[in-house]
Amino acid sequence: MGLSRGKLCCLALVVGLVALAGAAVLAVFLTRSRCAPPRYPRAAVAADTQTCSDIGRDILQQGGSAVDATIAALICSAVLNPQSMGLGGGIIFTIYNASTGKVEVLNARERAPQKISGNLLAECNKGFPVGSRWIAVPGELRGYEEAHKRYGKLPWKTLFEPTIKLLDPGIRIPEVVGRFLSHPMIQPHLNKTSLRKLFYNKQGAALGAGDLLRWPALVETLRAVAENGADEFYQGTTAEKLVQDIAKEGSILSLDDLRDYRVEVVSPVNISLGEYTVYSAPRPAAGPILLFILNVLKGFNFTKDSMSTLSQSAETYHYIAEALKFANGQRVKVDHPAFSQTGEGVLSQLISDSFASHVRQRIDERGDHPASHYDSAQVGTTPFG
Amino acid sequence: TSHVSVLAEDGSAVSATSTINYPFGAMVYSPQTGIILNNELADFCMKQSSGRISPGEMPPSSMTPSILISRDGQSKLVVGGSGGQLIIPAVVLTIANKLWFGYDVDEAVKAPILCTNGTNGIEVEKAFDKGVVAALHQKGHTVKTMPWSLNVVQAVSKDGPCLFPYSDLRKNGQASGY
C-alpha cells in the first residue's frame, strides 16, 4: 500500500524545509562559536580604552549607527584620555556608508583664528609650544554634529549620556593618564599652567593613577551640549565662558571665531591595493602620504615569505624604510588646499602608479643615501602631529 | 591624539582620529567649562619656509583615518592611529602586516615598528628584531632605538564571517563587540 503522489510531495517538502532550517541553525551556531571573543559575529568597536569601546558597542546594540557609536566612544575618550583629545580639539572622520557604497571624509580639524599673530612661526624653535598663543579654533563638536546630522540614528543626547554617567561621580585617573601627569618632560610645564586647577590636589601634588578626579565643570558642559546641541559650544553660554576664561591667559580666540567655524565635507583619496581599495583622508590630513607609501611598497610584491627569514625581513624593512624616507620629502605637499599654492594635479601625481614606479626605481640596496636623494631638502625637520 | 575604528552590523564603517595635538594640548584649561584647549597652531611650524598662516587655515596633520574594502565588499580593514609623526609608519606597517605578511590584526598592530626621523635616519621600537637592526646597519642606515613608544593603532578587520577589533596595548587599549 503506497502513499499517494500528493502526500509524497508534501512529505519531501517538509523534510527539505526541516533540513534547510537545521542547516541554517547549524551555520549560525558555527559562525557564533568561530567568532568567539576577541572575534565577534556582528559589530565591533576599537577605541583606546575598554570602557569607551564598550560604550560604542552599547550604542550599536541600542540600534545606533557606526557614526553614533564612534561619537559616543570619542566623548568617552575625551574624559578617560584627556591628554589626547577632547572638546577643545579637532577631528577627521572617514566614513563608509554600506547602503550607498560611498565613502566620504568630514574634516573638522582646528582652524587658525582671525587675529592670528603674524610672527607666530618665529616662535617655533623657542621651546615647548604650549600656552594660549598656540590655540586654534576647535572643530571637534561641529564635526560630531555634522557626522550625526548625516548618519546618526539615535538622538544626539543619547550619545553623551554614558559619559555623563561615568564622569558625574568622578573617575579614577587611568594608568596611562597618570603616566603623562608624572612624566618628567611634561610635569614641569603642567605645573606652571592653568591645568593645575584640574590635575593637582589641594596639597599641591599632581594626581596619580588611581586618584579620584572630579570634573564637575566638564559634566555641566557635556549636559549643556547634550541638551542644546553643538551651538551651545560655538555660540551659546559655553562659548562665552570659554572665551572669557582663555582671554585671561592672553588668548586671541574670539566668539566670532567659534561662531564662524565650518566643517569641510570632502571626497577621500584612494588607491587600489591588490584586492582592496584603500580610502583615506585628503590633505591637510596625511592620507596622500600613506597612499604614496603603500603604492611604492605594493610594487615589491611582498608576501608571507617576505618576513620568513632574518635576511628576507631585513630586505623587506629596508624597502619600507626607504619608502618612508621618500615620503618625508613629500609631506610639505599636504597643506590646507584652500590656502595652498600646491595644485590638485601635484597631489594626484603623488598617489599615481607612475610616480610610485619612479620612486621604486630609485630604491636600491643602499641605506646611506644623502638627503638630496630623497628630494627632502626643502622639508623642515619640525614634526607635526 | 586618539583613534576610534568601528564596523557596524550593516557593514558601515567609521575611522576617526581626534586630537588636541601635544599631551594636554596648549595646557590651557577653561575652569568654567572644564575644557582643555588644543595647541594645534604648533603644527604650522613645518610651514616655516613659507612663513605665513592665514585666518581660517587648517594646519597640516599626520592623521590618516583609513578604510580598506575588498572588491567583493566582504573583507574590510578599518584602521588609524595616534602618535604624531609616528602615525604614518604605524598605519603603513599595520596594513602591510595584515595584507601582505599574513598577520592577524592583533599581531599586525602589536608588531614593533620602524620609522624615519628628520635627518632620514631610522628609529625602531625597543622590541624590534635586533638581527634586522644589525642588517639595516650593514646596508648603511643609521638606526636608533626610540626611548618610548607613542605609536598607537586601533583597527577592526573583517575576513569571512568574523569581525576582529583590536585596540593597541601600547596605550592599554581594549576593543569590544558583539
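Just so we're on the same page: letters track the sequence lines, and every chain starts at 1.
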Next item on the list: Let me know if B/Ser82 has heavy atoms under 4.5 Å from chain A in its side chain, its backbone, both or neither.
Entry: neither
Next item on the list: Compare every heavy atom of B/Cys115 with every heavy atom of A/Leu324, then report the nearest pair and how far apart it is.
Entry: CD1-CA, 4.1 Å
Note to self: Side chains of A/Ser132 and A/Ser251 only: does a donor on one sit below 3.5 Å from an acceptor on the other?
What the structure shows: no
Check: Is it true that B/Lys139 and A/Glu315 have a side-chain N and a carboxylate O under 4.0 angstrom from each other?
Finding: yes
Check: B/Asn172 versus chain A, heavy atoms under 4.5 Å apart: side chain, backbone, both or neither?
Finding: both
Notebook entry, point to check: In terms of heavy-atom pairs under 4.5 Å, which option from A/Pro174, A/Gly287, A/Ala285 contacts chain B the most?
Noted result: A/Ala285
Check: Considering only heavy atoms, which portion of B/Tyr166 lies under 4.5 Å from any heavy atom of chain A: side chain, backbone, both, or neither?
Finding: backbone
Margin query: Between A/Asn81 and chain B, with a heavy-atom cut-off of 4.5 Å, which part of the residue counts as in contact: side chain, backbone, both or neither?
Written below: side chain
Notebook entry, point to check: Is a salt bridge present between A/Arg109 and B/Asp43, judged by a nitrogen-to-oxygen distance below 4.0 Å?
Noted result: yes
Checklist line | Top of A/Gln61, A/Glu220, A/Glu123, A/Lys192 for chain B proximity - count of heavy-atom pairs under 4.5 angstrom | finding: A/Gln61
Margin query: With chain B as the partner, which of A/Thr51, A/Leu273, A/Leu222 has the greatest number of non-hydrogen pairs under 4.5 Å?
Written below: A/Leu273
Margin query: With a 4.5 angstrom heavy-atom cut-off, is it the side chain or the backbone of A/Ala47 that approaches chain B, or both, or neither?
Written below: both
Note to self: Could you measure the distance from the CG atom of A/Asp48 to the CE atom of A/Met85? Nearest 0.5 Å is fine.
What the structure shows: 8.5 Å
Notebook entry, point to check: Between A/Ile91, A/Val103, A/Asp58, A/Leu297, which has the largest tally of heavy atom pairs under 4.5 Å with chain B?
Noted result: A/Ile91
Item checked: A/Thr193 to A/His189 - nearest heavy-atom pair and separation -> CG2-O, 3.0 Å
Notebook entry, point to check: Is there side-chain contact between A/Tyr40 and B/Lys158, with at least one heavy-atom pair below 4.5 Å?
Noted result: no
Notebook entry, point to check: Picking from A/Ala321, A/Pro370, A/Gly64, A/Ala147, which has the most non-hydrogen pairs under 4.5 angstrom with chain B?
Noted result: A/Ala321
Checklist line | Side-chain H-bond candidate by donor/acceptor type, A/Glu140 with B/Ser18, under 3.5 Å | finding: yes
Checklist line | Option that, when pairs with chain A are counted at under 4.5 Å, heavy atom only, ranks first among B/Ala96, B/Ala155, B/Ser2, B/Ser75 | finding: B/Ser2
Next item on the list: Would you give the length of the straight line joining atom CD of A/Gln83 to atom CD1 of A/Ile186, rounded to the nearest 0.5 angstrom?
Entry: 8.5 Å
Next item on the list: Compute the centroid of each ring, for A/Phe199 and then for B/Tyr29, and state whether the two points are separated by less than 6.0 Å.
Entry: no
Margin query: Using every non-hydrogen atom in the two residues, find where A/Thr94 and B/Ile67 come nearest and quote the distance to one decimal.
Written below: O-CD1, 3.4 Å
Item checked: Side chain / backbone / both / neither for A/His183 at chain B, heavy atoms under 4.5 Å -> side chain
Next item on the list: Heavy-atom distances under 4.5 Å only: say whether B/Leu114 touches chain A with side chain, backbone, both or neither.
Entry: both
Next item on the list: For chain A, find which of B/Gly160, B/Gly173, B/Ser30 contributes the most heavy-atom pairs closer than 4.5 angstrom.
Entry: B/Ser30
Next item on the list: Please determine, among B/Pro65, B/Ala175, B/Ala16, B/Gly11, the option with the most heavy-atom pairs under 4.5 Å with chain A.
Entry: B/Pro65
Notebook entry, point to check: Does any non-hydrogen side-chain atom of B/Lys98 lie less than 4.5 Å from one of B/Tyr103?
Noted result: no
Check: Looking at B/Gly131, B/Ala135, B/Gly25, which one has more heavy-atom pairs under 4.5 Å with chain A than the rest?
Finding: B/Gly131
Next item on the list: Answer whether the closest heavy-atom distance between the side chains of A/Leu294 and B/Leu99 falls below 4.5 Å.
Entry: no
Next item on the list: Go through the side-chain N and O atoms of A/Asn328 and B/Thr116 and say whether any donor and acceptor fall under 3.5 Å apart.
Entry: yes
Margin query: Under a 4.5 Å cutoff for heavy-atom pairs, which residue among B/Leu136, B/Asp10, B/Ile122, B/Ile36 has the most contacts with chain A?
Written below: B/Ile36
Item checked: Atom group of A/Gln114 that falls short of 4.5 Å from chain B, counting heavy atoms -> both
Notebook entry, point to check: Relative to chain A, which segment of B/Asn117 carries a heavy atom at a distance below 4.5 Å: side chain, backbone, both, or neither?
Noted result: backbone
Item checked: Options A/Gly89, A/Ser117, A/Gly56, A/Ala136, ranked by heavy-atom pairs under 4.5 Å with chain B, top entry -> A/Ala136
Checklist line | A/Arg133, part contacting chain B, at a heavy-atom distance under 4.5 Å | finding: backbone
Notebook entry, point to check: For A/Lys115, is it the side chain, the backbone, both or neither that has a heavy atom under 4.5 Å from a heavy atom of chain B?
Noted result: neither
Note to self: Taking B/Asp159 first and then A/Arg39, would you say they form a salt bridge - that is, a charged N and a carboxylate O separated by under 4.0 Å?
What the structure shows: no
Check: Do you know which of B/Glu57, B/Gln138, B/Arg71, B/Gln154 has the most heavy-atom pairs with chain A at a distance under 4.5 angstrom?
Finding: B/Glu57
Margin query: Counting only non-hydrogen atoms closer than 4.5 Å, does B/Ile113 touch chain A with its backbone (N, CA, C, O), its side chain (CB onward), both, or neither?
Written below: neither
Checklist line | Proximity breakdown for A/Leu60 and chain B, heavy-atom pairs closer than 4.5 Å | finding: both
Next item on the list: Identify which part of A/Ser77 has an atom lying under 4.5 Å from any heavy atom of chain B, answering side chain, backbone, both or neither.
Entry: side chain
Check: Is there a donor in the side chain of A/Ser99 and an acceptor in the side chain of A/Asn97, or the other way round, less than 3.5 Å apart?
Finding: yes
Notebook entry, point to check: Is it the side chain or the backbone of A/Ile92 that comes within 4.5 Å of chain B heavy atoms, both, or neither?
Noted result: both
